[in-house]
Amino acid sequence: MNILVILGHPEQGSLNHAIAEQTVTTLHELGHQVVFHDLCREGFDPGLPGMEISRDAKLPPEIQQHCNELADADGIVIIHPNWWGMPPAILKGWVDRIMRVDVAYRFVGEDGGEGVPEGLLKADRALVFNTSNTATEREQNIFGDPLERIWKDCIFDLCGVREFHRRMFNIVCLSSQQKRESWLSEVRDTVSRIFPSD
Ligand SMILES: Cc1cc2nc3c(=O)[nH]c(=O)nc-3n(C[C@H](O)[C@H](O)[C@H](O)COP(=O)(O)O)c2cc1C
C-alpha cells in the first residue's frame, strides 16, 4: 500500500516525533511505500492564499505535489498533539491547502457548495495519533473530544475515507519512560493491524 504520513509538531525529540518515527519504521517493515512529511521541519506554509481558494486555481508546485500525494494514498496517518482541542495551526493549514475541492471532495450536479459534497479520496482508511495532557473522561465529558469530531466526521468521512481509527495518548506530562515505550509499542501494533502487509 501507498501510505501518506503527516506530522504536525515543532519539536524534534517530542513524543509526537517518536510516534511518527515508529509509524514510518513499522510501515516500511510491513513493505508499504511511505510518503512522510514533517510539516514544521519542512517549513510548510499554512496560510491559504486567496488565489488558491477557487476551484481552478493554479497551484504552486509544492502544493500540487502534496495534493498528488494525498490523491495517490491508499491510507493516511495523521500525528499531532492536542492544542486547544485543535490540531496545531501548521496542520490545520495543510488541511486547508491540500484537502481541497476536486482533490479530496467535490460538489455534485447543480450544487453550488451548499449541499453534501462527495468524497474523492482513494484512501479507504485513516489513522490519527494524538497526545494530550487531559484525562480521557474529562476530554470527553467536559470538552466533547473535538479532535474526534474534526478528523472523523468533518474531514475523513466528508472526503470519502470510510474506515477511521484514532488513539489519544494521555497524560503525557505525567508519563514515565516506561509508559512512553509502551505507547510506542502500541503504535507499532496499531499500525500493523490497520495496514497489514499486502
Ligand atoms: C499551545 C498548546 C496548547 C495546548 N492545549 C492543550 C489542550 O487543549 N488540551 C490538552 O490536553 N493539552 C494541551 N496542550 C498540551 C499538549 O497536548 C502536550 O504538551 C503534548 O500532547 C505532549 O506531547 P509532546 O511531548 O509530543 O509535545 C497544549 C500545549 C500547547 C503547547
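We count ligands from 1, going down the list as the structure has it; atoms in each ligand are counted the same way. Small disclaimer: the values here were computed from a predicted structure and weren't measured.
- For ligand 1, the 4.0 Å heavy-atom shell takes in His9, Ser14, Leu15, Asn16, Pro81, Asn82, Trp83, Trp84, Gly85, Thr131, Ser132, Asn133, Thr134, Val172, ordered by chain and residue number.
- In terms of the side chain to side chain contact (heavy atoms under 4.5 Å, CB included) criterion, residue partners of Glu29 (sequence neighbours excluded) are, by chain and number, Thr25.
- Atoms CZ and OG1, on Arg166 and Thr190 in that order, are 13.5 Å from each other to the nearest 0.5 Å.
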Intermediate values then yes/no, side chain to side chain contact (heavy atoms under 4.5 Å, CB included), Phe44 and Ile98: CA-CA 11 Å; Phe44 182 83; Ile98 310 305; 4.3 Å; yes
Scan the side chains in residues 78-89 for donor-acceptor partners under 3.5 Å anywhere in the protein, sequence neighbours excluded, and list what turns up.
unit_1 : atom_1 : unit_2 : atom_2 : d
His80  : NE2    : Asn130 : ND2    : 3.0
His80  : NE2    : Trp151 : NE1    : 2.9
Asn82  : OD1    : Gly85  : N      : 2.7
Asn82  : ND2    : Glu139 : OE1    : 3.4

Full working for side chain to side chain contact (heavy atoms under 4.5 Å, CB included) between Val77 and Ile3: CA-CA 7 Å; Val77 185; Ile3 314 293; 4.0 Å; yes
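- Take His37 and apply the ring-ring contact (aromatic ring centres under 6.0 Å, His included) test, not counting sequence neighbours, and it matches His66.
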